[in-house]
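Here is the structure we will look at, set down as structure tokens.
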Amino acid sequence: MQRLERVQQQGGLGELDVQLARLLVRLHPDMGPEAALAVACTSHALADGHTCLPLAQVQQISASDRPWPSLTELRHDLLASGAVAEAGDRTTDPRPLVLDSDNRLALLRWYRAESAIAQDLAERAGDLCEVDYVKAQALVQQLFPGSSAAADTGPNLQQCAAALSLCKRLLLLCGGPGTGKTYTLARILALHSAHATTKLRIALAAPTGRAAMRLGESIRAAADSLPAPFDLGSAPQPQTLHRLLGFHPQNSTFLRNAANPLHVDLLVVDEASMVDVLLLEALLAALPKTSRLILCGDSGQLPPVEPGSLLYAWQALPQTSYSKELVTCLQRLVGKSCLDREAGTVTEHPTHSLTECCITLHQVHRFSQKSGMLALAQALQKPAGSDAFSSALALPWPDIQRYETKEAAALLFELLQELLAPLCQAKSVQEAIAQFAQSRVLCALREGPWGVAGINARCRELLQRQGQIPARDEVYQGLPILILRNDYTQGLYNGDTGIIWPNKEGQLTAWFAGEDGLRSLAPATLPPWQPAYAMTVHKAQGAEFATVLLVFPAEDHPLLSRELLYTAITRAKKRLILVAGQELLNTVVSRRLNRHSGLELLLRQRTLSAGVHAETGQDSRASDG
């Protein structure tokens, strides 16, 4: 146990991780010290969003010069300990941990969750659905008029996505900012409603309340451009996934599950990049097998706060081929040029059925080609991201301002004043909420002078200097607030924002924008909150603002990554003010998030044609260990 204690003292393990390893050593005396350390490291990896841990990384974490067993020896020791099962082994009883064929160790709870997700998605991606081709073809042409593909431009992928959603029960719709994902979703909903012979039960959901609200606003805006006689007036209000599933905070269970499923024919989940493994497992368990599922998101954004990342795993699958059956189905709906020419070839059976169910939109509609924010976002999606990003940032863009950190220190009050002035000038709570929604200060970190705490303090200092707020009051008119913890009884969720403003009686009240308009709550009844002049990029995920002031620290930090930078840039719709040193940006752009997960392997195993693993010849429906 000396290695465990040393790694814990170095900050590489938490107390819970060490106690788990010690418990398993007591229950399984054959477990050696290296195997025990592997167990503790796997437990600790969950805090960093990993659902498993490659054995090769355990020695790196141990930071020891002592002899270390080979991967083969460590694998043998783990399987011989009695606490670890081999993935797919049906001969042993369930054990606390599972080791897959790629030498990744996972706690059984997360391995089972990823196995269930892979199995469910594979089933939904399987057979083709029944389609009234005569009726559907006419509907598709009405919804996407003049969208027939030209020989030199390739297919209209928005139209292809709509057709694919009819042919399959599963669709992953990906794309960067401004590529028309919500526009396409609105037309998909209209298409299915008109194609169905009975009233369709539709549900719209997102991981957070803010994302759900934005989805509703975007769908309503896109619905205004629908051709007659299509109408989405009866489309349901989007809600959070937790509310959709009926989450019980007292025991962390869901009302909706396999025994009490959702009454839904078509479910749309926006911001799928934010959905973690355990929440996705619960959602799929509650969604009937006959229901259609549309997942929409941007794989370049930050992964969920909790462990797992479906979009990373899905898009890591090889884009190799499409089945002749699917291509024939799509051609009957949208014509011969129905798929991206670079996406793959057409074969009798697809190598991976999930790759058939993914459409990635590329053409940008929201931004002009003179948009620097678009250029930066696209550069971050390229393999040579660092050089492309630096080249793009060096150009004079009308919608981007960049300041070195030292330069911004002298201009900070001026920059903050520009963003805060409209909020301070608001004459009503409605105007204050509207103005606050237009701009935001986003920080890469929570702490430090360039983090959320430091910037919020500078905002308060600025407003006090100008006499805009009382010197000592913590709660005052015009204060924007950010909810930090879910409160299901009051319908408040982590990341929700509101404004402190007097009610009709002159009492200071917290106001929040909701599906049915504004609602107010007494500040004393709120869950934990903080001032929201500035917020982290993570908290802003799922939201968009006309203007974003993005603040990076003066020094590098392990949390800074290309995905964080991409997520921050894509929160801005019209203008980006970037405070960051060029050298730091080069470092950040070259740092990719790498979440360890067994989901990609499980998806490959369960979606191979004929259900057989290409390398091992094992049945893809192997047990979960």
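We count residues from 1, following the sequence as given.
- Using a distance-only test at 3.5 Å, with no hydrogens or angles considered, a donor-acceptor pair links the side chain of Arg256 to the main chain of Pro261.
- Arg95 places a side-chain N or O within donor-acceptor distance of the main-chain N or O of Val84, the cut-off being under 3.5 Å.
- Shown here are the side chain to side chain donor-acceptor pair (under 3.5 Å) partners of Tyr493, two or more places apart in sequence or in another chain: Arg243.
- By the SG-distance test at 2.5 Å, no disulfide connects Cys174 to Cys296.
- More than 12 heavy atoms of other residues, nucleotides or ligands lie within 6.0 Å of CG in Asn260, so this atom counts as buried by the packing criterion.
- Listed by first then second residue, pairs satisfying salt bridge (charged side-chain N to carboxylate O under 4.0 Å, His left out) with a partner in residues 272-282 read Arg109-Glu281, not counting sequence neighbours.
- Taking the side chain as every heavy atom from C-beta outward, Leu55 and Leu99 approach each other to under 4.5 Å.
- The side chain to side chain donor-acceptor pair (under 3.5 Å) search around Arg169 returns none, not counting sequence neighbours.
- When only modelled atom types and interatomic distance are considered, Glu114 and Thr51 share a side-chain donor-acceptor pair under 3.5 Å.
- Annotation: side chain to side chain contact (heavy atoms under 4.5 Å, CB included) contacts of Thr570 (sequence neighbours excluded): Pro177, Ala377, Tyr566.
- At distances below 3.5 Å, not a single donor-acceptor pair connects side-chain atoms of Lys168 with backbone N or O atoms of Leu128.
- Sorted by first and then second residue, the side-chain hydrogen bond (donor to acceptor under 3.5 Å, both in side chains) pairs with a member in residues 282-292 read Asp120-Lys289; sequence neighbours excluded.
- Residue pairs meeting the salt bridge (charged side-chain N to carboxylate O under 4.0 Å, His left out) criterion with at least one partner in residues 70-85, sequence neighbours excluded, are Arg75-Glu86.
- A donor-acceptor contact shorter than 3.5 Å is absent between the side chain of Asp48 and the backbone of His50.
- Arg210 places no side-chain N or O within 3.5 Å of a backbone atom of Gly542 that could act as its donor or acceptor partner.
- Contacts of Arg104 classified as side chain to side chain donor-acceptor pair (under 3.5 Å), with partners at least two apart in sequence or in another chain: Asp100, Asp102.
- No more than 12 heavy-atom neighbours from other residues, nucleotides or ligands sit within 6.0 angstrom of CD on Glu130.
- Using modelled atom types, one side-chain atom of Thr567 and one backbone atom of Leu302 make a donor-acceptor pair closer than 3.5 Å.
- Taking the side chain to side chain contact (heavy atoms under 4.5 Å, CB included) definition, one finds that Gln530 meets it with Val452, Asn456, Leu482, Leu484, sequence neighbours left out.
- Scanning for ring-ring contact (aromatic ring centres under 6.0 Å, His included) contacts around His242 gives Phe247, Phe254, with sequence neighbours left out.
- Residue-environment remark: CD (Glu555) stays at or below the threshold of 12 foreign heavy atoms within 6.0 Å.
- For Ser81, there are no side chain to side chain donor-acceptor pair (under 3.5 Å) partners two or more places apart in sequence or in a different chain.
- Formation of a donor-acceptor pair under 3.5 Å by the Arg595 side chain with backbone atoms of Gly308 is found in this model.
- For Arg201, the salt bridge (charged side-chain N to carboxylate O under 4.0 Å, His left out) partners at least two apart in sequence or on another chain are Asp265.
- Checking side-chain atoms of Trp314 against main-chain N and O of Leu354 turns up a donor-acceptor pair under 3.5 Å.
- Residues satisfying the side chain to side chain contact (heavy atoms under 4.5 Å, CB included) criterion with Pro29, sequence neighbours excluded, are absent altogether.
- Within 6.0 Å of the NE2 atom in His76, the count of heavy atoms belonging to other residues, nucleotides or ligands does not exceed 12.
- Screening Leu244, Ile117, Leu278, Val275 against Leu283 for a side-chain contact (heavy atoms from CB on, under 4.5 Å) leaves a single residue, Leu244.
- No donor-acceptor pair under 3.5 Å is formed between the side chain of Glu271 and the backbone N or O of Ala211.
- A side-chain donor-acceptor contact under 3.5 Å links Arg571 to the backbone of Ala543.
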